[in-house]
Amino acid sequence: MSERVLITGGAGFIGTHLTAALLKRGHQVRVLDSLIEQVHGSQGQTRPAALSPEAEFVAGDVRDGALVAQALRGIDSVVHLAAEVGVGQSMYAVERYVSVNDCGTAALFQALIERPVRRVVVASSMSIYGEGLYRADDGTIVQDAVRRARKPGDPWDPLDAGGRPLVPVPTPEWKAPTLASVYALTKYVQERLTLTLSPVYGMEGVALRLWNAYGPGQALSNPYTGVLAIFASRLHNGQPPMIFEDGEQRRDFVHVEDVAEAFVLALEHPAAAGQVYNVGSGEDRSVREVAQILARAMGRPGLEPEVAGKARTGDIRHCIADIGKIRAELGYQPRRDFAAGVAELAAWVADREAIDRGNEARGELEARGLVA
Ligand code: UD1
């Protein structure tokens, strides 16, 4: 099966890797991307060098209905990646996040109603789970863990009724969403718009709930990007990584090529129609551990992380991925080893300019009382 695929937001980190993967599979790719300055820098109005030359590129905003209608001409399937992605930033740039993520998805579907495609795959996020699934001391599984207001010295982890820390366990797709940030709320709306509207107009909707994607091509100078890119930019500039909380919060870091592979499967596999899937590596790590592995890989083992002892509003404590469903139904198999992936990221960063805006971003949050 060879298709003409439109990728919204396709000139970014995940989009450029996905474009390469789809072209390799024999598909044709058209990318629609507004090249926002926070990601692409100030000379961002030109087509990024990382985007495969075989892909067609259309500059513009996914909220521009007329442009989207034009971009859909001749298209068989859509991957919707265009979105603002910072959890912390979403808690004050509310209008921008809701507009780009939700109105953007609405505009895409408004155009799709006139020109339906076979399948629409949307990038959702593990953020929609809020806190992941936990196990209490007595073995009960807890779905609705929340962090209470904390006094200095209290544990960072959510607690059970007896005040004991809950233990994180892999989170499957059936866990009910708990929307702890504006970002999470907008991702859930994107996901639901896709799954609600697609079948009404004869299309197949699929949502991928991504964990923390990393790898070469991350936006190094964007202080609201993922934690590994922020740490890489700090280390590159001789600064220690700055860790929120105590650094023991756990995530699943998944290599961007494995993420691209998950999108290819979500697009091609007949069983994916109407489904949601978690996408991770299946291994979890603490933020402190990844800071140390990265510092060693970048030749800066002496730059010990600074531990803030404060949390970002909207952040969750732990969320780790259960990838059993996508493995079983689509045959997804994460291939990239974390240490090798971090070494590759380090080598990629070494030849690049990375402006460290970490302090600026933290200042923006602190000024609004969003780090406490
Ligand atoms: C990230 C993505 C989100 C994606 C989700 C999927 C970003 C900005 N967010 O959210 O788009 O949907 O993964 O899993 O890419 N931290 C530090 N120091 C820093 C920055 C972050 O300690 O300088 C900590 C945070 O407090 C948090 C952890 O690292 O505990 C992860 O933060 P982040 O990379 O922003 O990811 P998520 O919130 O998991």
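Indexing begins at 1, ligand by ligand and atom by atom, following the structure's order.
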A.B. asks: Atom 16 (N) of ligand 1: which protein heavy atom is closest, and how many Å away?
C.D. replies: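 Result: Val227 CG2, 3.5 Å.
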
A.B. asks: Do we see a donor-acceptor contact under 3.5 Å between the side chains of Thr194 and His80?
C.D. replies: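 There is no such pair between these side chains.
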
A.B. asks: For ligand 1, find out whether one of its N or O atoms is nearer than 3.5 Å to an N or O atom of Leu210.
C.D. replies: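 Yes, at least one N or O pair falls under 3.5 Å.
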
A.B. asks: When you compare ligand 1 with Gly226, is there at least one nitrogen or oxygen pair between them that comes in under 3.5 angstrom?
C.D. replies: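 So ligand 1 has an N or O lying under 3.5 Å from an N or O of Gly226.
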
A.B. asks: Rounded to the nearest 0.5 Å, how far does CG of Asn212 lie from CZ of Phe253?
C.D. replies: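 Phe253 atom CZ to Asn212 atom CG measures 5.0 Å (nearest 0.5 Å).
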
A.B. asks: Rest of the hydrophobic cluster containing Val62 (Ile/Leu/Val/Met/Phe/Trp/Tyr, side-chain heavy atoms under 4.5 Å)?
C.D. replies: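 Val62 clusters with Leu6, Leu32, Val58, Leu67, Val68, Leu72, Ile75, Val78, Leu108, Phe109, Leu112, Ile113, Val117, Val120, Val189, Leu193, Leu197, Val200, Tyr201, Met203.
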
A.B. asks: For Trp211, take its heavy atoms, then give the atoms of ligand 1 lying under 4.0 Å from any of them.
C.D. replies: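 So the atoms of ligand 1 that pass are 6 (C), 14 (O).
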
A.B. asks: Does any non-hydrogen side-chain atom of Glu329 lie less than 4.5 Å from one of His269?
C.D. replies: no

A.B. asks: Which of the atoms in ligand 1, numbered in the order shown and given with their element, are less than 4.0 Å from a heavy-atom of Asp315?
C.D. replies: 25 (C), 26 (O), 27 (C), 30 (O), 38 (O)

A.B. asks: Considering only non-hydrogen protein atoms, determine which one is nearest to atom 3 (C) of ligand 1 and report residue, atom name and distance to 0.1 Å.
C.D. replies: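 Nearest neighbour among protein heavy atoms for atom 3 (C) of ligand 1, to 0.1 Å: Tyr183 OH, 3.5 Å.
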
A.B. asks: Which one of Lys310, Arg312, Arg317 satisfies the salt bridge (Lys or Arg N to Asp or Glu O under 4.0 Å) criterion with Glu245?
C.D. replies: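 Result for salt bridge (Lys or Arg N to Asp or Glu O under 4.0 Å) with Glu245: Arg317.
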
A.B. asks: Is a donor from one side chain sitting under 3.5 angstrom from an acceptor on the other, for Glu344 and His255?
C.D. replies: yes

A.B. asks: Are any of the N/O atoms on Phe244, whether in the backbone or the side chain, positioned under 3.5 angstrom from an N/O atom of ligand 1?
C.D. replies: yes

A.B. asks: What I'd like to find out is whether the side chain of Asp258 reaches to under 4.5 Å of the side chain of Arg335, using heavy atoms alone.
C.D. replies: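 Asp258 reaches Arg335 side chain to side chain.
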
A.B. asks: Give the residue, atom name and distance (to 0.1 Å) of the protein heavy atom nearest atom 13 (O) of ligand 1.
C.D. replies: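 Going atom by atom, the protein heavy atom closest to atom 13 (O) of ligand 1 ends up being Asn212 ND2, 3.4 Å.
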
A.B. asks: Identify the closest protein heavy atom to atom 30 (O) of ligand 1: which residue and atom is it, and at what distance?
C.D. replies: Gln249 NE2, 3.1 Å

A.B. asks: Is the shortest side-chain heavy-atom distance between Asn222 and Phe13 below 4.5 Å?
C.D. replies: no

A.B. asks: Using distance alone, decide if ligand 1 has a nitrogen or oxygen within less than 3.5 Å of any nitrogen or oxygen in Ile316.
C.D. replies: no

A.B. asks: Any atoms of ligand 1 less than 4.0 Å from a non-hydrogen atom of Met242? List them with their elements.
C.D. replies: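 Those qualifying, in numeric order: 17 (C), 18 (N), 19 (C), 22 (O), 23 (O).
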
A.B. asks: Any side chain to side chain donor-acceptor pair (under 3.5 Å) involving residues 345-359? Give me the pairs, sequence neighbours left out, ordered by first then second residue.
C.D. replies: Arg234-Asp356

A.B. asks: Which option wins on minimum heavy-atom distance to atom 10 (O) of ligand 1: Val87, Val85, Val254?
C.D. replies: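 It is Val87 that holds the nearest heavy atom.
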
A.B. asks: With heavy atoms of Phe231 as the reference, note each atom of ligand 1 found under 4.0 Å away.
C.D. replies: 18 (N), 19 (C), 23 (O)

A.B. asks: Any luck finding a side-chain donor-acceptor pair between His27 and Glu268 under 3.5 Å?
C.D. replies: yes

A.B. asks: Using a 4.0 Å cutoff against the non-hydrogen atoms of Gly86, which atoms of ligand 1 qualify?
C.D. replies: 8 (C)

A.B. asks: Tell me if the aromatic rings of Tyr277 and Tyr332 count as close, with their centers under 6.0 Å from one another.
C.D. replies: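 Not close enough - the centres of the two rings lie 6.0 Å or further apart.
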
A.B. asks: With heavy atoms of Val287 as the reference, note each atom of ligand 1 found under 4.0 Å away.
C.D. replies: 22 (O), 28 (C), 29 (O)

A.B. asks: Test your reading of the structure: does Ile243 have an N or O sitting under 3.5 Å from an N or O of ligand 1?
C.D. replies: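 No.
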
A.B. asks: Just go through Arg317, Arg312, Arg251 and tell me whose heavy atom is the nearest to atom 33 (P) of ligand 1.
C.D. replies: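 It is Arg312 whose heavy atom sits nearest to atom 33 (P) of ligand 1.
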
A.B. asks: Could an N or O of ligand 1 be found under 3.5 Å from any N or O of Tyr224, whether backbone or side chain?
C.D. replies: no

A.B. asks: Closer than 4.0 Å to some heavy atom of Ser125 - which atoms of ligand 1 meet that?
C.D. replies: 4 (C), 5 (C), 6 (C), 12 (O)

A.B. asks: Are Arg209 and Glu173 within salt-bridge range, i.e. N to O under 4.0 Å?
C.D. replies: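 Not counted as a salt bridge, because no side-chain N and carboxylate O are separated by less than 4.0 Å.
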
A.B. asks: For ligand 1, which part of Ile230 has a heavy atom less than 4.0 Å away: the side chain, the backbone, both, or neither?
C.D. replies: side chain

